[in-house]
> 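Please read through the structure below; I'll follow up with questions.
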Number of protein chains: 2
Amino acid sequence: MRVTIYDVARDAGVSLATVSRVINHSPHVKESTRRRVQETIERLGFQPNLVASALTTKRTRLMALLIPSITNPACAQVAWGVEETAAEMDYNCIICNVGADPKRQAHYVNILIRKGIDGIIFSTPSYDDGLVLDLSRRSYPLTLMARDVPAAQVNRALTDDKAGGALAAQHLLELGHTSFLLVTSKEEVLQERARGFVETIRAQNLDVIPVEAKGSDITAGLDAGVRLLSLANRPTAVFATTDLLAIGIIAAVHCMGLDIPRDLSVVGYGGLIEPEAMQLPLTTIVQPMRDMGKAAAQLLFDTLQEGREPRQVVVEPKLYIGGTTGNPSR
Amino acid sequence: MRVTIYDVARDAGVSLATVSRVINHSPHVKESTRRRVQETIERLGFQPNLVASALTTKRTRLMALLIPSITNPACAQVAWGVEETAAEMDYNCIICNVGADPKRQAHYVNILIRKGIDGIIFSTPSYDDGLVLDLSRRSYPLTLMARDVPAAQVNRALTDDKAGGALAAQHLLELGHTSFLLVTSKEEVLQERARGFVETIRAQNLDVIPVEAKGSDITAGLDAGVRLLSLANRPTAVFATTDLLAIGIIAAVHCMGLDIPRDLSVVGYGGLIEPEAMQLPLTTIVQPMRDMGKAAAQLLFDTLQEGREPRQVVVEPKLYIGGTTGNPSR
DNA sequence: GTATAATGTGTAAGCGCTTACAATATGTGT
DNA sequence: ACACATATTGTAAGCGCTTACACATTATAC
């Protein structure tokens, strides 16, 4: 039988309430009493049962992270950040691989609430807006990442995709490029990256040739690369709105015997591919996913702790200069 | 105010106990009563508070996974498997990135116990044997992965590294190789892989040249590759006990203008490197980490559910044939 | 119809902790 | 020494659920 607060109280000759106060660092305890109780706690090896305390305080010190899949490196980075700051706050982090199915999400959320989980971080691209809105209305603590549900009263950890696109443009401009290709697909986030890129280039009175990819993976990149090569006036720089697109483009270009970065500079977006994993490390806009996770957890913790109204944090992307960009050769 | 079992009881005109029985699918309820209560539960939208029930049943339906870091792809695979089967059992999975510090592990374990977590899966290479032994003695449900604490009464999900090494040998033998190099470092698990390899080769009255690497990463592989090239009688096949070693060897060999697999066949071990991530997909022994995770969670669940005494499961490695092995050219 | 065994339901005592409120002790100023 | 404010501690009522036990209702057997 585990030792309870009751055992401590009896052994130390005080009431339950006093022991509870000592555990919770209440200021209303005489110093000498505190010491005596503390000594008993240690001697008996008493460990407060947090399930019992959760029943009265309604705080389990547990938060959950909903992601499509932990095996996705971006998700893993987020999870790392979340778990890390959660641990700093004495919180633990429950991981839920919800895939892309809204029903699974709803099912998880339901169980999490029943288990008394204090708050949830949504880091799923395709969550059900209704679910989030409903939770928000019942003022259940939430943090949304990277995607928005406008009407909801929730915390948000946002990326600045437009700034990322601008960063890419700036880098290429500084290298002296004057002709640009933009490869992107139609997804909203990617469009935002594209927008930042185009606006920055246009601000210099230069122009961008847009190429729409049929997706955002390597094969779509390969395809775009082939199209690039067939252009009459080949640009000297390409901005692809995902790293995989960039890698596809590079592969296609390599096949045709062109040299990177001599003949073509390529900038990707994401930063999750280990530079060591590539022959030529990719120059890319790094989305600091771990920082996003940390921010998300911190926001959640703040509303949990102080009932503070929801806030939002923007995590800025960074430029990583690899070996795929250089001065234009012409 | 959330609706409680009490509200349901009053509304349905039965006692708390009966509602509880209905929730828990107790057989001692008349069918008509069950229906009436069920209807009330649905009408009122009652959701049982699992914190309260955990207080009496001592079951939170929460399990924890201790890993060095979720950003390590092997850990992510394990976590995926664990979370997946946990979810099937209505369990949730708490992730703890404990790094390599035994103190952090102990700290996590302490908090997990206080929070009433039902069981823990240790998937950390360097855990503290004393900690595991202590928990095992207090018969706290545990599953150990890939590493052992001999005296402990715990579940184990084990890899068969020797069989993996044998698999590699068999593959190369079938291709017709007769001269072999073995590259490994001194870690126990890797030695086991090596043992399986060597024994299988020796069983054919053939011999293996051993090369000790200074570690198990790419640079150690590069180094081993250079040594390989300087051998008078160069073998036609190499078995490296980790994928990173294999990749280093391949890089070194490529540098010297040799062709793989024409001049040299290479087999790695691990299988966590996406084949698409390499120019030439690596032939390797795949350690099915996700299956390991699933097995670990299932074992834990079984002891949780039925108080069954600890068991162990061996997850067999598989051969993945990439492009780095072929028939010997001589 | 009565004794006996199921079967179904209710009562009440927890699970281990928190916390409002009451009670007591201690200190202050006069 | 007395009235009153303040610091400390205790009492007891929960938090929302489970479950042993008692009790009431059948059903079964004779």
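Fair warning: this is a prediction, and the values are worked out from it, not measured in the lab. In the text below, chain A, chain B and the rest are named by the order of the sequence lines, each starting its count at 1.
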> Quickly work out the B/Leu16 CG to D/dT18 C1' distance and round it to whole Å.
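Atom-to-atom, B/Leu16 to D/dT18, this comes out as 10 Å.
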
> Just wondering, do A/Ile117 and A/Ile94 contact through their side chains at under 4.5 Å, heavy atoms?
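Counting from C-beta outward, A/Ile94 and A/Ile117 do come under 4.5 Å.
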
> Side chain of A/Ser20, heavy atoms from C-beta onward: which of C/dT19, D/dC17, D/dT9 has the nearest atom to it?
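When the side chain of A/Ser20 is considered, C/dT19 is the closest of C/dT19, D/dC17, D/dT9.
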
> Of B/Gly13 and B/Leu55, whose nearest nucleotide on DNA chain C comes first from the 5' end?
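Checking each residue's closest nucleotide, the 5'-ward one belongs to B/Gly13.
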
> Is the shortest side-chain N/O distance from A/Ser15 to OP1 or OP2 of D/dG10 below 4.0 Å?
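For A/Ser15, the contact criterion (side-chain N or O under 4.0 Å from OP1 or OP2 of D/dG10) is met.
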
> I want to check something: taking the side chain as every heavy atom from C-beta on, are B/Pro317 and B/Asp160 in contact at a cut-off of under 4.5 Å?
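Contact flag for B/Pro317/B/Asp160 side chains = yes.
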
> Taking only N and O in the side chain of A/Ser53, is any of them less than 4.0 Å away from OP1 or OP2 of C/dG16?
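Looking at the OP1 and OP2 atoms of C/dG16, neither is under 4.0 Å from any side-chain N or O of A/Ser53.
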
> Indicate whether OP1 or OP2 belonging to D/dG16 is found under 4.0 Å from a side-chain N or O atom of A/Lys58.
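Checking A/Lys58 against D/dG16: at least one side-chain N or O falls below 4.0 Å of OP1 or OP2.
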
> I'd like to check A/Tyr91 versus A/Thr85 (side-chain heavy atoms, cut-off strictly below 4.5 Å). Are they in contact?
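Heavy-atom side-chain distance check fails, nothing below 4.5 Å.
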
> Rounded to whole angstroms, how far apart are CZ on A/Arg21 and C1' on C/dA20?
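Result: 10 Å.
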
> When the distance from CD1 of B/Ile113 to P of C/dG16 is rounded to whole Å, what number comes out?
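After rounding, the reported distance stands at 16 Å.
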
> If I take atom NZ in residue A/Lys115 and atom P in nucleotide D/dC17, what distance separates them, rounded to the nearest angstrom?
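Distance check: A/Lys115 NZ to D/dC17 P gives 16 Å.
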
> Over how many whole Å does the gap from A/Asn49 atom CG to C/dG14 atom C1' extend?
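About 14 Å, once rounded to whole Å.
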
> Expressed as a whole number of angstroms, how long is the span from B/Ile5:CD1 to D/dT19:P?
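So the two atoms are 11 Å apart, to the nearest Å.
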
> According to a strict under-4.0 Å criterion, is A/Thr56 in side-chain N/O contact with OP1 or OP2 of C/dG16?
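Negative; the distance criterion is not met.
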
> Between C/dG8, D/dT19, D/dT8, spot the one nearest the side chain of A/Lys30, thanks.
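Side chain of A/Lys30 sits closest to D/dT8.
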
> Tell me what B/Val14 touches on the nucleic acid: a base, only sugar-phosphate, or nothing, going by heavy atoms under 4.0 Å.
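Since only primed, P, OP1 and OP2 atoms lie under 4.0 Å of B/Val14, the category is sugar-phosphate.
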
> Mind checking whether B/Val109 and B/Leu66 have side chains closer than 4.5 Å, heavy atoms only?
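Yes - at least one pair of side-chain heavy atoms lies under 4.5 Å apart.
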
> Can you tell which of A/Arg35, A/Glu42, A/Arg34, A/Arg36 makes a side-chain hydrogen bond (donor to acceptor under 3.5 Å, both in side chains) with A/Gln38?
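With A/Gln38 as partner, A/Arg35, A/Glu42, A/Arg34, A/Arg36 yield a single side-chain hydrogen bond (donor to acceptor under 3.5 Å, both in side chains), made by A/Glu42.
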
> Looking at five pairs on each end of the helix from C/dG1-D/dC30 to C/dT30-D/dA1, what is the angle between the two axes, given to 10 degrees?
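Axis-to-axis angle, ends of the helix: 30°.
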
> For B/Gln47, does its backbone N or O pair with a side-chain atom of B/Arg2 as donor and acceptor, under 3.5 Å?
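At least one qualifying donor-acceptor pair exists.
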
> Kindly indicate whether the side chain of B/Arg34 and the base of C/dG8 share any N or O donor-acceptor pair separated by less than 3.5 Å?
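No.
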
> Measure CZ/A/Arg36 against C1'/D/dT9 and give the value in whole Å, please.
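About 11 Å, once rounded to whole Å.
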
> Considering only C/dT9, C/dG16, D/dG16, which nucleotide approaches the side chain of A/Ala52 most closely?
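Of all the options, the side chain of A/Ala52 is nearest to C/dG16.
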
> Given A/Arg311, which of A/Asp302, A/Asn155, A/Thr303, A/Thr143 fulfils the side-chain hydrogen bond (donor to acceptor under 3.5 Å, both in side chains) condition?
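Per the side-chain hydrogen bond (donor to acceptor under 3.5 Å, both in side chains) rule, the option paired with A/Arg311 is A/Asp302, out of A/Asp302, A/Asn155, A/Thr303, A/Thr143.
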
> Can you tell me if B/Glu316 has over 12 outside heavy atoms packed within less than 6.0 Å of its CD?
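More than 12 within 6.0 Å, yes.
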
> Without decimals, in angstroms, what is the distance between A/Ile23 CD1 and C/dG16 C1'?
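That distance rounds to 10 Å.
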
